[in-house]
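Take a look at the structure set out below.
Please read these numbers as outputs of a predicted model, since none were measured by experiment. Basis for what follows: all heavy atoms, side chains included, without hydrogens, waters or symmetry-related copies.
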Amino acid sequence: MKIAIVCYPTFGGSGVVATELGIALAERGHEVHFVTYKQPVRLGLLGNNIHFHEVHVPEYPLFHYQPYELALSSKLVDTIRLYGIELLHVHYAIPHAYAGYMAKKMLQEEGIFIPMITTLHGTDITLVGKHPFYKPAVNFSINKSDVVTSVSEGLKQSTLEIFDIEKEIEVIPNFIDSSKYQPNYADCQRSLMANEDERIITHISNFRKVKNIPDVIHVFYRVQQEIPAKLIMVGEGPEKEYAEQLCDDLDIKDKVVFLGNSNEIDRILCFSDLFLLPSKSESFGLAALEAMINRVPVISSNTGGIPEVNKDGVSGYLADVGDVAEMAEKALYILSDNVVLEQFKENAHEVASKFDILNILPLYEEVYEKAYKSRFKNTF
Ligand code: GMT
């Protein structure tokens, strides 16, 4: 099948899922065309069934805001026409579902019928999408999609609560290619990060408010009071400066390393003992899944779709949003005993393996089939 994928090309989870999905589809023989404003960060070499089409938005001084949606829908029309694309899969409703629908309607005028799948990822619903400034357009474009998928049951429920959805929402969880995550401890270079007696705690995110960054620091603060430990903070975003200041105020600056964005997530997770994800809201928590497949247990909040990934008492622990005392207590329980830690590491890997791409990709292929068949219904 010839598939166009629209996504954000940045380090965010939705872009990562879209890219990894595209790569896997290409490996299965589909022809995949990424349409976005920059080559996705996780996309390596093009070729082998993978194409990239850059959306340019020319600066025009009259415009206070440059119209990206317009440029995207025009690029989609051109790409779909030129390459005979059979299916459009947009990741993150805003503004992709809206732009995708416009492209679909424009093509329909020419007798080209392109089914559109919209995958809801999280903040496009729970944070940005529900804002009154966007809500009607998001609601409209979800209902106009031929198939709608959500990355967790939790997100599906939130979508149904927040919006007036007429469409069936199919849950297809985030996934991981476990064949790419074989442990290679020889290459770990743990000693570069911590002394032998120190535990390494890691957090990876885009440092937005929703990630509850101060709670990461406060949990770590409590842990390092009891056992030797280092905190590795990976990512960039608006809360990073405040986080650095907080470490300074708490006098733990020498125990916290801020690495910025990294393409070496597996290497970092390879020497991590525990992953913290205390988000205020989280539709799935792909970062937690990536930690778990790398044998890193997770202490997280019990919000949104996280409980569908991090199994309480098995792959880590869950606590109420903001309950740093409980999170620190559970972190100490896992980290204070080598045998307990080893058990949680094994469990984390086992739970994560259930989300292997081999189990999830066929679910996407099924909805593609369904959407492709639906194009006849939309002919008139
Ligand atoms: O929150 C992020 O890190 C970015 C955001 C995105 O859209 O790129 O992630 C969302 O989508 C991911 C992939 O489906 C999910 O695993 C994340 O849980 C979700 N983030 C939130 O819901 C806050």
Taking it one step at a time, do Lys104 and Asp146 satisfy salt bridge (charged side-chain N to carboxylate O under 4.0 Å, His left out)?
CA-CA 11 Å; Lys104 192 179 152 85; Asp146 296 288; 2.7 Å; yes
By side chain to side chain donor-acceptor pair (under 3.5 Å), which residues pair with Lys240, not counting sequence neighbours?
Glu236
Charged N to carboxylate O below 4.0 Å: is that the case for Glu244 and Lys253?
no
I'd like to know if Lys230 and Glu198 make a salt bridge, using a cut-off of under 4.0 Å between side-chain N and carboxylate O.
yes
Nearest heavy-atom neighbours spanning Ser150 and Ile169:
CB-CG2, 3.6 Å
Please name the pair of heavy atoms, one in Ala26 and one in Ile50, separated by the smallest distance, quoted to 0.1 Å.
CB-CG1, 3.4 Å
For Glu20 and Lys180: C-alpha separation, side-chain torsions, deciding distance, then whether salt bridge (charged side-chain N to carboxylate O under 4.0 Å, His left out) applies.
CA-CA 12 Å; Glu20 298 287 352; Lys180 290 186 186 159; 3.4 Å; yes
Other than Phe63, what residues sit in its cluster of Ile, Leu, Val, Met, Phe, Trp and Tyr side chains whose heavy atoms are under 4.5 Å apart, directly or through others?
Tyr60, Leu62
For residues 307-331, pull every pair meeting ring pair (Phe, Tyr, Trp, His ring centres under 6.0 Å), keeping only residues two or more places apart or in separate chains.
Tyr317-Phe344
Lys/Arg N to Asp/Glu carboxylate O, Arg208 vs Glu239, below 4.0 Å
no
Can you spot which of Ile201, Leu276, Ile204, Ile217 makes a side chain to side chain contact (heavy atoms under 4.5 Å, CB included) with Met233?
Ile217
According to the interplanar angle, ranging from 0 to 90°, do the rings of Tyr368 and Tyr364 count as parallel (below 30°), tilted (30 to 60°) or perpendicular (above 60°)?
tilted
Evaluate Glu170 against Lys370 for salt bridge (charged side-chain N to carboxylate O under 4.0 Å, His left out), listing each step before the verdict.
CA-CA 12 Å; Glu170 315 221 11; Lys370 186 173 155 186; 2.4 Å; yes
Not counting sequence neighbours, list each pair that qualifies as a salt bridge (Lys or Arg N to Asp or Glu O under 4.0 Å) and has a residue in residues 268-283.
Arg190-Asp273, Lys211-Glu282, Asp273-Lys345
Provide the closest heavy-atom pair for Leu120 versus Val148 in the form atom of the first, atom of the second, distance.
CD1-CG1, 3.8 Å
Check Ile117 against Val367 and note the closest heavy-atom contact, atom names and distance.
CD1-O, 4.3 Å
Determine the interplanar angle of the Tyr92 and Tyr8 rings, folded into 0 to 90°, and report it as parallel if under 30°, tilted if 30 to 60°, perpendicular if over 60°.
perpendicular
Could you list who else is in Val339's hydrophobic cluster, with ILVMFWY side chains joined at under 4.5 Å, directly or through other members?
none
Indicate yes or no: does Arg81 engage Glu110 in a salt bridge with an N to O separation below 4.0 Å.
yes
Intermediate values then yes/no, side-chain hydrogen bond (donor to acceptor under 3.5 Å, both in side chains), Gln245 and Asp249
CA-CA 6 Å; Gln245 183 59 51; Asp249 296 347; 2.9 Å; yes
Between Glu54 and Lys38, does a salt bridge (charged side-chain N to carboxylate O under 4.0 Å, His left out) hold up when you go through it step by step?
CA-CA 6 Å; Glu54 189 175 348; Lys38 212 174 72 190; over 6 Å; no
Under 3.5 Å, side chain of Arg199 to main-chain N/O of Ala229, donor-acceptor pair present?
no
Nearest atoms (heavy-atom pairs only) where Gly235 meets Asn261
CA-OD1, 3.4 Å
Under the side chain to side chain donor-acceptor pair (under 3.5 Å) test, which residues partner Thr303, sequence neighbours left out?
none
Sorted by chain and number, sequence neighbours left out, side chain to side chain donor-acceptor pair (under 3.5 Å) with Ser283 holds for none
How would you list, by chain and number, every residue that makes a side chain to side chain donor-acceptor pair (under 3.5 Å) with Ser300, sequence neighbours excluded?
Asn310
Look at the side chain of Asn294 and the backbone N and O of Glu290, then say whether any donor-acceptor pair between them is shorter than 3.5 Å.
yes
ring-ring contact (aromatic ring centres under 6.0 Å, His included) with Tyr37: which residues, sequence neighbours excluded?
Tyr68
salt_bridge(Lys105, Glu109) N-O dist < 4.0 Å
no
If you look only at pairs with a residue in residues 111-126, which of them pass as a salt bridge (Lys or Arg N to Asp or Glu O under 4.0 Å), with sequence neighbours excluded?
none
Contacts of Phe271 that satisfy ring-ring contact (aromatic ring centres under 6.0 Å, His included) - sequence neighbours left out:
none
Under the ring-ring contact (aromatic ring centres under 6.0 Å, His included) test, which residues partner Phe284, sequence neighbours left out?
Phe355
Heavy-atom closest pair (Ala319 atom, Met327 atom, distance to 0.1 Å) is CB-CG, 3.8 Å
